**Q** 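Here it is, the structure in full.
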Amino acid sequence: MLTTMSMKNAYLLSVLDDLKAKSAHEPEFLQAVEEVLESLEPVVEADPRYEQQNVIGRMVEPERIVMFRVPWVDDSGKVQVNRGYRVQFNSAIGPYKGGLRFHPTVNLSVVKFLGFEQIFKNSLTTLPMGGGKGGSDFDPKGKSDAEVMRFCQSFMTELQRHIGPDTDVPAGDIGVGAREIGFLFGQYKKIRDEFTGVLTGKGLSYGGSLARTEATGFGLCYFADAQLRDNGQSFQGKKVVISGSGNVAIYANQKCTQLGGKVIAMSDSNGYIVDENGINYKVIQEIKEVNRARIKTYLDYVPSAKYVEGCSGIWTVPCDIAMPCATQNEIGETAADTLIANGCIGVFEGANMPSTPGAIAAYQAAGILFAPAKASNAGGVATSGLEMSQNSERLSWTFEEVDAKLKGIMEGIYAACAAAAEQYGMKGNIQAGANIAGFLKVADAMLWQGI
Ligand code: NDP
């Protein structure tokens, strides 16, 4: 259920009411917009140009949406049809940039919420990237490599008309990893006869960047570390629960273990594992990246661990630090209350919008640390931006160079969010700071560029 109780600004309320009337069937998108607009109240009140030029009304409307049919043939010879999407949300500060998600739950509302969040996230990285997102309701799970290839080829046959290295540069997201990016890139090259940096997350042999695979998880931990240190804390000796076991979760585990934390629980959509001795990320890497198996098979490696069917119970595992790295709305108010009652000192978001508005209200009421996804998971897209730079230069940087830049960017994002929050009278509210700092650059560019 959406709430507007704290928002009083008439202009923002009218934009939101108008959007609710037009997009009533897009709950995730409305949730993401409302969360941002609430934080922008002091900004809009301080500068009348945002209302005069209707900057917010323009910002909540995507510049362009492409929806398309994706027909493909499965291994039994049957013709399957999925739906493809690309939402090109905002190009004020650079070419559209944002991942592709392949998951059965993908619909227009999900792609619009992700695209909207991406505008602010990309702005926070300080790199010149606009916001976009795309995907399909195709489920790569259980499909053969040949089926995934045929699907990706069909998807790109249409998408290639709408993207390009200076127009729109997609990347991976849920269900889109190195295998899918490879097939998508191969098809783009075949049709367009161009070898360009049109996608990021590419393999190292054809233009990918070192450390891109690790970037979102590592970046999340660099951000969390900066926030913890700013509050007199650290990862040292902390018990950490990470939901998910995909790209973000695996490398969040690696980095927070390096920083002194102990990851005691991880999950997939079927269930979760608990290992009080600490989960070695290399085991999860083998289960997920090599075997494409279920997390339950962790028990074959560590028989003393526990497996629980159903993924939502993971937040009942007592921990000091929670890192939701699976999907949207995975922590509701009840789960947030449980985390807090069990002594959790901070929630650092790796997934996009994993906390419901009720959960965020609970963190705020309890005064625990909260890192909002659009800031704390920006390391992936930031490193995609670095991949684009390397592609333009026709150069490859070392792992250490990219990792050092990533760390600097994440610490810079934390500092920018903290400073914006303080400037607008909300010291310590990193959620509001992220929305404000991300907004200001895009809004300024929109004002300069006219209607
Ligand atoms: P992956 O596909 O690599 O992994 C996703 C993980 O989350 C899997 O363990 C999956 O389990 C689980 N999961 C997915 N959907 C659900 C669901 N509906 N319920 C429960 N579990 C689910 O994706 P990523 O790690 O790349 O992405 C995870 C999150 O991080 C997403 O919110 C994404 O938008 C965000 N993100 C990713 C970035 C990146 O660079 N990859 C960058 C910024 C944000 P199962 O295998 O069983 O489906």
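In what follows, residues are counted from 1 in the order of the sequence shown. Computation of the quantities below employed the complete heavy-atom set of this structure, encompassing side-chain atoms and omitting hydrogens, waters and symmetry-equivalent molecules. Each ligand, and each atom within it, is numbered from 1 in the order the structure gives. Just so you know, these numbers come straight off a predicted model, no measurement behind them.
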**Q** Could you tell me which residues satisfy ring-ring contact (aromatic ring centres under 6.0 Å, His included) with Phe399, sequence neighbours excluded, listed by chain and number?
**A**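 Scan of Phe399 (ring-ring contact (aromatic ring centres under 6.0 Å, His included), adjacent residues dropped) gives none.
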**Q** Asn231 side chain to Gln233 main-chain N or O, any donor-acceptor pair under 3.5 Å?
**A**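 Looks like no, no N/O pair under 3.5 Å.
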**Q** Give me the one residue out of Asn280, Asp275, Ile273 that meets side chain to side chain contact (heavy atoms under 4.5 Å, CB included) with Val302.
**A**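 The passing option is Asp275.
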**Q** For Lys405, what residues pass the salt bridge (charged side-chain N to carboxylate O under 4.0 Å, His left out) criterion, not counting sequence neighbours?
**A**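 Lys405 satisfies salt bridge (charged side-chain N to carboxylate O under 4.0 Å, His left out) with no other residue.
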**Q** Does Lys202 have any side chain to side chain donor-acceptor pair (under 3.5 Å) partners at least two apart in sequence or in another chain, and if so, which?
**A**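 Testing Lys202 for side chain to side chain donor-acceptor pair (under 3.5 Å), a comparison that skips the adjacent residues, returns Glu387, Asn391.
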**Q** Any side-chain donor paired with an acceptor under 3.5 Å for Lys282 and Gln285?
**A**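 Not at all, the side chains of Lys282 and Gln285 share no donor-acceptor pair under 3.5 Å.
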**Q** Could you list, one pair per line, each nitrogen or oxygen of ligand 1 together with any protein nitrogen or oxygen closer than 3.5 Å, giving atom names and the distance rounded to 0.1 Å?
**A**
| unit_1 | atom_1 | unit_2 | atom_2 | d |
| --- | --- | --- | --- | --- |
| ligand 1 | 2 (O) | Gly175 | N | 2.9 |
| ligand 1 | 3 (O) | Asn247 | N | 2.9 |
| ligand 1 | 9 (O) | Ser245 | N | 2.9 |
| ligand 1 | 9 (O) | Ser245 | OG | 3.3 |
| ligand 1 | 11 (O) | Ser269 | N | 3.3 |
| ligand 1 | 25 (O) | Asn247 | N | 3.1 |
| ligand 1 | 25 (O) | Val248 | N | 3.0 |
| ligand 1 | 32 (O) | Arg101 | NH2 | 3.4 |
| ligand 1 | 32 (O) | Asn352 | N | 3.1 |
| ligand 1 | 34 (O) | Arg101 | NH2 | 2.9 |
| ligand 1 | 34 (O) | Asp173 | OD1 | 2.6 |
| ligand 1 | 34 (O) | Asp173 | OD2 | 3.3 |
| ligand 1 | 34 (O) | Asn352 | ND2 | 2.8 |
| ligand 1 | 40 (O) | Arg212 | NH1 | 3.4 |
| ligand 1 | 40 (O) | Arg212 | NH2 | 3.1 |
| ligand 1 | 40 (O) | Thr216 | OG1 | 2.7 |
| ligand 1 | 41 (N) | Asn247 | OD1 | 3.4 |
| ligand 1 | 47 (O) | Ser269 | N | 2.8 |
| ligand 1 | 47 (O) | Ser269 | OG | 2.4 |
| ligand 1 | 47 (O) | Arg294 | NH2 | 2.4 |
| ligand 1 | 48 (O) | Lys141 | NZ | 2.6 |

